[in-house]
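Comments concern the structure below.
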Amino acid sequence: MSKDETTTPANFIRQIIDEDLAADRVSQIVTRFPPEPNGYLHIGHAKAICLNFGIAGDYDGVCYLRFDDTNPIKEESRYVEAIKDDIHWLGFQWKEIRHTSDYFETLYSRAVELIEKGLAYVDDLSMEEIREYRGKWNAPGQESPYRNRPVEENLDLFRRMRAGEFEDGSRVLRAKIDMASSNMNMRDPTLYRVRKVTHQNTGDEWCIYPMYDFAHCLSDAEEHISHSLCSLEFEDNRPLYDWVLDNSSPPSRPHQYEFARLNLEYTILSKRKLTLLVDTGKVSGWDDPRMPTISGLRRRGYTPESIRDLCDRVGVTKKDSVVEMGVLENTIREDLDRTAPRAMAVLNPLKLVITNYPEGESEELDAANHPQKPEMGSRKIPFGRELYIERDDFMEDAPKKFFRLTPGCEVRLRYAYFVTCTDVIKDAHGHITEVHCTYDPATKGGGSPDGRKVKGTIHWVSAPHAVETQVRLYDRLFTTPVPGKDTGDFMDDLNPDSAVTVKAFLEPALGAAEPGSHFQFERLGYFFVDPIDSAPQRPVFNRTVTLRDSWAKGRK
RNA sequence: UGGGGCGUAGCCAAGUGGUAAGGCACGGGGUUUUGAUCCCCGCAUGCGCAGGUUCGAAUCCUGCCGCCCCAGCCA
């Protein structure tokens, strides 16, 4: 981690913490990151992770990783390992791993306590009936006929629910609050439901499972969470969060604060939608380099630093917002510009023949690994009569501002020589197959001993020495800033060109590139050696992001 | 329709009665063997709108407008 990493800016939550500390309302800061293990973590989760772990770190507090496993029909343990990996990779360490299921027995006792106080009851209404009884926003609901069962009967029924005497959906435990409340969450919310399924952690020990609103606040209390941070859509749940804590006897009294979740242009951050992309094969998996998941970004070539930087840059507020893709892309450009060694690669080759270079000969030239960091050293690259250059770097009839190769003009081959285009060779269809040039031996290394100016510098690779490999050019997964906004279905906005694989030619040194390493291919972008698909001496590169290109931008 | 939130530049975001930080984007200039990087400069007489209080309002009051969330035995 670099020492000059941006200091985390203040935000309203940190202000609340400062005030709580100053007023002595809390003595230690305890937070938690509570994912439900029903999918992979995405960059929106990264915001919550940075917030919770970041605060705990900065305030000398602790942060727990809590798997919120209250719904066994949706959750799988295979997601647990992936979530742990992602958090570690991001650079955070939890104090302990907890599960909501660790508290099932305690939770059960608190429910019994509510029943004894006359604040909860077993309801025999069906799911549909409960929905009908709940009423509308502008009309109060009606009380269930089972609402006023005697405490003893409720206790007995609830015990028998636990014992497995009732089938799924036949009975639930409900809080007795207010069927006329303007807050729908307070119209006798369900606390427990019957689910006769095996739980990933507790096996068949339980057949009743607590609902989020009941379990979450009490789990927070068990862990002595000082500040329970969640997203905006839970604002309406806060009165219920408080009600449960105030009407049972938890070991501590946490408080919930809500912040706006992250939204990014040209992608989606909804677990449901991401799952659909995976399940329908639109992407190769949760770690497809186009996915906004932590594992996808990692495989794309994003670094933990860049993602943490994004979280710092977007801040924490209560305002719904959609962050431009450019902000994310910039964080990785900034990081990799500092750290990635440079190399040359040609993605769309055009043969260049240097007609005055001796046939069958070659030489080695020096190239710096980083133009601003001599300490990163240099390497040798072979040069000879036949090279590949980028097809885009040659134009037969070029506009005046085209600072590249064009007939009759001289350009510099990076770290090599000045060359002048003398001929253009075409096939029968008029397609350019090669360009002929002459070179000036006095300009070896790319210098200009006579002070001669050249219109541009282009990259190249020696044809006989080049390493051929696969490079995947990734682009945004969707074609519109807010997928589905106009079409109604985000699937309709998928970008058909989001993954293009090309055969590329690399300078020889790149053949030994280690899986998981980053490079800048000069003038093209940052590329990452895919850790899964690469083989020894046969790296497969993923394009993380292109370089800024003011030339391309100006032409649009 | 009832309730809960939120509106500061194209996108984020500081600001908490004393005269609009910062980042990204954008525009201009400089350096450059990457049209990259880097370095300068510019970019809200204005804070959703309309009134009001005040010597003074993005900050306080009133009214309006817009957007988001809520009627799972999901989280």
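If you're wondering where the values come from, they're calculated on a predicted model, not measured in any experiment.
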Identify the nucleotide, in any strand shown, that forms a Watson-Crick or G-U wobble pair with G7(B), with both distances under 3.5 Å; if there is none, say none.
C65(B)
Does the structure show a Watson-Crick or G-U wobble partner for C74(B), both distances under 3.5 Å? Name it, or say none.
none
Does the side chain of Ile458(A) come within less than 4.5 Å of Arg412(A)'s, by heavy atoms?
no
Is there a Watson-Crick or G-U wobble partner for G56(B) with both distances under 3.5 Å, and which nucleotide is it?
none
Reckon Val322(A) touches a base, only the sugar-phosphate, or nothing at all at heavy-atom distances under 4.0 Å?
sugar-phosphate
Distance between the P atoms of C26(B) and G10(B), in whole angstroms?
15 Å
Using atom P in both nucleotides, what's the gap between A20(B) and U59(B) to the nearest angstrom?
14 Å
Can Trp551(A) be classed as stacking with the base of G35(B), given a centroid separation cut-off of 5.5 Å and a plane angle cut-off of 30°?
yes
From the list G3(B), U34(B), A13(B), which nucleotide is the closest neighbour of the side chain of Glu522(A)?
U34(B)
Establish, for the pair Arg476(A) and Tyr266(A), whether the NZ or CZ atom is under 6.0 angstrom from the six-membered ring centre and no further than 45 degrees off its axis.
yes
For Glu258(A), which contact category applies under a 4.0 Å heavy-atom criterion: base, sugar-phosphate, or nothing?
nothing
Base, sugar-phosphate, or nothing: which does Leu524(A) touch, judged by heavy atoms less than 4.0 Å apart?
nothing
Residue-phosphate contact under 4.0 Å: Arg313(A) side-chain N/O, A14(B) OP1/OP2
no
Looking at C73(B), A71(B), U34(B), which one has an atom nearest to any side-chain atom of Leu547(A)?
U34(B)
Base, sugar-phosphate, or nothing for Phe67(A), non-hydrogen atoms under 4.0 angstrom?
nothing
How many whole angstroms separate atom CG of Asp213(A) from atom P of A75(B)?
9 Å
